There are 2 protein chains.
Amino acid sequence: MVLYDLVGQGDRRFSPHCWRTRMALAHKGLAHETRPTRFTEIPMIAGATCRTVPALQDGERLVVDSHAIALHLDRAYPAGPSLFGGSGGVALTRFVENWCAGVLHGALFPMILMDIYQHLTEEDRSYFRSSREKRLGRTLEEVSADRDARLESFAATLQPLRATLQDAPFVGGDAPLYADYVVFGAFQWARTVSPVRLLTDQDPVKAWFERCLDLHDGLGRRAPGYD
Amino acid sequence: MVLYDLVGQGDRRFSPHCWRTRMALAHKGLAHETRPTRFTEIPMIAGATCRTVPALQDGERLVVDSHAIALHLDRAYPAGPSLFGGSGGVALTRFVENWCAGVLHGALFPMILMDIYQHLTEEDRSYFRSSREKRLGRTLEEVSADRDARLESFAATLQPLRATLQDAPFVGGDAPLYADYVVFGAFQWARTVSPVRLLTDQDPVKAWFERCLDLHDGLGRRAPGYD
């Protein structure tokens, strides 16, 4: 198996969606190779058949999109520990993904986007600036203004996650599920590019993130980042 | 089985947490009687052993708290359709409950609290006012101010729910799970006491709520409310 994994300067792996997939592959215990891929290299993957990463080449099959990859892994490799814990888990993971996409990524992106930018190669910087500024309708600098004010309201944003982690060590309960990796990806995105301190040491979310960094022989913690 | 179910004036059943349990009992196909209970009658339930409703007397056992009741029903009556769809569903339902408690109820309560108040008996009004004002540190009237402004931002609050329901008919996927009843309870809370129009006709959340009202022979729709 080959995972096309977003990379910045050097070997900086920062994509939140790719981190979901790396953790899912480790959770299933599946041997694979990661192929570092820059933003501007994505259109060249596998004969120009996909536009986003993560993309997983599994034998003849190319699976694109982190959610589709997770479903594929759980179905094609039922022997490993489940990523979802049953059909209810599959359905409710969507809710966690949608909360993560809209609320968590929405809150994080303005706070770390200049840090992402700084960690990209020159060529990728141009792509990142033009594509994101087009999507957002503002300059990167405008979007990223007022980080301190955003940071203050960020803690409240985490309420559903924090309340869940006050009762259980993982979002998935006693052990991690793919829903944990979905949320982990967001915090790992920030950790790999930004020195910003998002969580206080007293926050149950911080303790959970540290637990996630230790999972699968410290896969997340071994990645270059800010601690 | 006897369900102690919160009631206002007449037979107005409005408690969001009690609605979760009524839908869960119907989902499992379990015969039961509901016992209408006013706020000020809760301390008299079953020999003064509980302080909140819903409370379910199942034979010798009194189960208190909607989440505990749902777990009890699924474990004690495995023959009926599952409320969680596996262990992953049990765990991730907590996230949905926490989102509902913090975000959804938090947004709804100031908009409907005076409507709740109007539907209570005189005795319950005194209890409701004093207990809520103590908890909130402000008068009911102060908390409920600016409903129009709150209503404007309410739609955005629903993003994770809306995105989920754009892809599937229920939060639980193709069929409802307890997570649907958790969220349904919040909207039914509003529907039973308040004429406020929370959802536009184009909102996928509205279509989902209508589907939920029709479930279990229209259990939700038959309850007195505003349509």
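What you see is a predicted model; the values in this text were computed from it and never measured. Hydrogens, waters and symmetry mates play no part in the numbers below; they use all other heavy atoms, side chains included. Sequence lines set the chain letters: A, B, ... in the order given, protein chains first and strands last, and positions in each chain run from 1.
- Per-residue counts of heavy-atom pairs under 4.5 Å with chain A were compared for B:A91, B:G89, B:P160; the largest is that of B:P160.
- Looking at B:A179, only its side chain comes within 4.5 Å of chain A, counting heavy atoms on both sides.
- Note on A:A156, A:A101, A:S87, A:G173: by heavy-atom pairs under 4.5 Å with chain B, the leading option is A:S87.
- Salt-bridge annotation for B:R147 and B:D115: present, with a side-chain N of the basic residue lying under 4.0 Å from a carboxylate O of the acidic one.
- With contacts defined as side-chain heavy-atom distances shorter than 4.5 Å, the pair B:D201/B:K206 qualifies.
- For B:V64 against B:C50, the heavy-atom pair with the smallest separation is CG2-CB, 3.5 Å.
- Residue contact with chain B, scored on non-hydrogen atoms closer than 4.5 Å, is absent for A:S82.
- Panel note: side chain B:W208, backbone B:R162; no donor-acceptor pair is recorded below 3.5 Å.
- If you measure heavy-atom distances from A:D174 to chain B, you find no contacts under 4.5 Å at all.
- Side-chain N or O atoms of B:R211 include one that pairs as donor or acceptor with a backbone N or O of B:P169 at under 3.5 Å.
- Heavy-atom pairs under 4.5 Å with chain B peak, among A:C100, A:A168, A:G86, A:A163, at A:A163.
- Looking at A:F95, the atoms closer than 4.5 Å to chain B (heavy atoms on both sides) sit in the backbone and in the side chain alike.
- The cationic atom of A:R135 (NZ for Lys, CZ for Arg) does not lie both less than 6.0 Å from the six-membered ring centre of A:F109 and within 45° of the ring axis.
- Heavy atoms of A:L83 lying under 4.5 Å from chain B are absent altogether.
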